[in-house]
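What follows is a set of notes on a single structure, which appears directly below.
Residue numbering restarts at 1 for every chain, and letters A, B, ... go by the order of the sequence lines. Keep in mind the model is a prediction, meaning the values are calculated, not measured.
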Amino acid sequence: MLTTRPRGTNDILPGEVEKWRWVEDQFRRVCVEYCYGEVRTPVFEHTELFQRGVGDTTDIVSKEMYTFVDRGGRSITLRPENTAPAVRAYLENKLYAGPQPVKLFYIGPMFRYDRPQAGRFRQFHQVGAEVFGADDPYVDAEVVAMAMNFYKDLGLKNLELHINSVGCPECRPVLRRELKKYFQPLTGILCRDCQERFEKNPLRILDCKVERCSEAGRNAPTTIECLCANCSDHFSQFKKGLELLNLPYIVDRRLVRGLDYYTHTAFEIMVPDIGAQSSIGGGGRYNGLIETCGGPPTPGVGFALGTERIILTMERQEIKIPGALPPDVFVVTAGQGADAEAFKLLFSLRSSGLSADKDYMGRSMKAQMKYAGKTGVRFVVILGEEELANGTAQVRDMGACIQEAIKLDEVAQYLTGRGKKKSRKS
RNA sequence: GUGGGUGUAGCUCAGUCGGCUAGAGCACCAGAUUGUGGCUCUGGGGGCCGUGGGUUCAAGUCCCAUCAUCCACCCCA
């Protein structure tokens, strides 16, 4: 073999791809139900969009981006997420001039240069949604509800909805000050990463999984305690929205999302069945992002869900996904003389809307039958010299093991009539 | 970026203390009195034993490196 697929990428083959289509179709259906419009942005963007939008200090930008210089000398980056591109598209196409809010959804591949692991890839896929222009906490609740209903429609179980509020530019400095005050005497205990976090972003210490750090942070001031009146109000309205929709949630003060642009609401959906990468979706509010990207001050909320992790969860939870349909007809020839007629018949069956195939390997009739059996095809049409002579074909029902002679020019009609009770196999 | 596990046929794996032409099951292809699938039987194709070095009379087996892959840290979906 010349080469293999690049590390952390996957081929999605027939048999597997049906699951993907199923999941994505379900997502589209839910989005349409919620009146979101699909947007398709380029898979690559100018690097500065992510540097400024997502934030220079984040892990994604500082060490996980696929960045290259194109032939025109521009710095290009394969998108590591789709929120910043959606914002760019909103501004570039002046969607702010139309009716507000603007509700968008997207489906597609993302790229991050990470070390692959269970549920983590370098090219991975997300479905996501964004709302631009509305600050109403009920929109935060709507967005969460949309994700949760999508999961529910797929049949996922054991989901935990974690929520938090990370504050706004007004109250974040207060929290920062409080956290520094709290952790100051404890810096000796903290892990090396957290020593650094203490200086740069003490909020992230709460997120650390090293035991002595989480131990040290046990009585730390929470984001929620330091919220300004406005943020605090927004958060309780958000929770009320979830309660109105009967969505159970866990307030998780340790939930601090890694991207710089979040304000107010942050949420994450966890599932225990898929290994260490247990988050199958997350999102939040980003009221500063659109302005950062050069637009008018505009609030925004959204989420992204990982398609691979959703499918992995469905497999672990043994949720059945409709598979591919077996073909309707296979044309079998008996003897060399019938091949030309079989070829013509095949195409007339196809133009009648039947999924049909024939042998192209020059195989014996027995081998053709064997092959047809393996494909799970419902009907076999047999064409031999004898049939050619009297203008008929043998039509065999593979499930019932019965066959009868049908006039050659009536085969398509006969089969389309019988094909109606076709059912999906799962 | 860091740590650990694993690389033998298309797939799942055996292969002893280093010792003959490297095996099984499944899959694939072909046959079983010449026009009919599933079951059964018979046969066949297919292996640079991940790659490169080293030790040895001799390496799939031991050592080193490298690559890939899996899992975890980190981070996130």
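Using C1' as the reference atom, B/G15 and B/G47 are 14 Å apart when rounded to the nearest Å. Using P as the reference atom, B/G60 and B/C67 are 24 Å apart when rounded to the nearest Å. Separating the C1' atom of B/C17 from that of B/G53 is a span of 25 Å, rounded to the nearest Å. One P atom belongs to B/A58, the other to B/C13, and the distance between them is 33 Å to the nearest Å. The separation of B/C49 from B/G37, taken at their C1' atoms, amounts to 38 Å, rounded to a whole angstrom. For the C1' atoms, the distance linking B/C28 with B/C71 amounts to 33 Å, nearest Å.
Within the nucleic acid shown, A/Gly275 comes within 4.0 Å of sugar-phosphate atoms alone, with no base atom in reach, counting heavy atoms only.
For the side chain to side chain contact (heavy atoms under 4.5 Å, CB included) with A/Tyr262, the lone residue among A/Asn287, A/Leu289, A/Val166 that qualifies is A/Val166. Of the candidates A/Arg52, A/Arg79, A/Arg88, A/Arg88 is the only one forming a salt bridge (charged side-chain N to carboxylate O under 4.0 Å, His left out) with A/Glu45.
Not a single donor-acceptor contact under 3.5 angstrom links the side-chain atoms of A/Arg120 to the base of B/C70. Remark: the A/Arg7 side chain and the B/C67 base include no donor-acceptor N/O pair separated by less than 3.5 Å. Residue A/Gln126 places no side-chain atom within donor-acceptor reach of the base of B/C76, judged by atom type and a 3.5 Å distance cut-off alone.
In this pair, A/Phe27 and A/Phe150 present their aromatic rings perpendicular. The plane angle is above 60°, beyond the 30 to 60° band. Ring-plane geometry between A/His234 and A/His264 is classed as tilted, the angle between the planes lying from 30 to 60 degrees on a 0 to 90 degree scale.
OP1 or OP2 of B/C73 sits under 4.0 Å from a side-chain N or O of A/Gln117.
Position along RNA chain B of the nearest nucleotide to A/Thr9 versus A/Gln277 favours A/Thr9 as the more 5'-ward residue. Comparing A/Ser364 and A/Glu308, the nucleotide of RNA chain B nearest to each residue sits closer to the 5' end for A/Ser364.
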Per-nt protein contacts along nucleotides 3-11 of chain B (heavy atom under 4.0 Å; B base, S backbone sugar-phosphate only, - none) come out as B--------

Protein-proximity profile, nucleotides 35-40 of chain B, B/S/- by nucleotide at the 4.0 Å heavy-atom cutoff, equals BBBB--

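When only modelled atom types and interatomic distance are considered, A/Asn82 and A/Thr41 share a side-chain donor-acceptor pair under 3.5 Å. In this model, no donor atom of one side chain and acceptor atom of the other lie less than 3.5 Å apart for A/Glu24 and A/Thr307.
The base-pairing partner of B/U21, taking Watson-Crick or G-U wobble contacts with both distances under 3.5 Å, does not exist among the strands shown.
For A/Gln317 (side chain) and A/Lys157 (main-chain N/O), a donor-acceptor pair under 3.5 Å exists by modelled atom type.
Here the nucleotide nearest the side chain of A/Ser279, chosen from B/G31, B/C76, B/C73, is B/C76.
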With a cut-off of 3.5 Å and sequence neighbours excluded, list every side-chain donor-acceptor pair involving residues 6-18 of chain A.
residue: A/Thr9; atom: OG1; partner: A/Pro6; partner atom: O; Å: 2.5
residue: A/Glu16; atom: OE1; partner: A/Lys19; partner atom: NZ; Å: 3.4
residue: A/Glu18; atom: OE1; partner: A/Gly15; partner atom: N; Å: 2.7

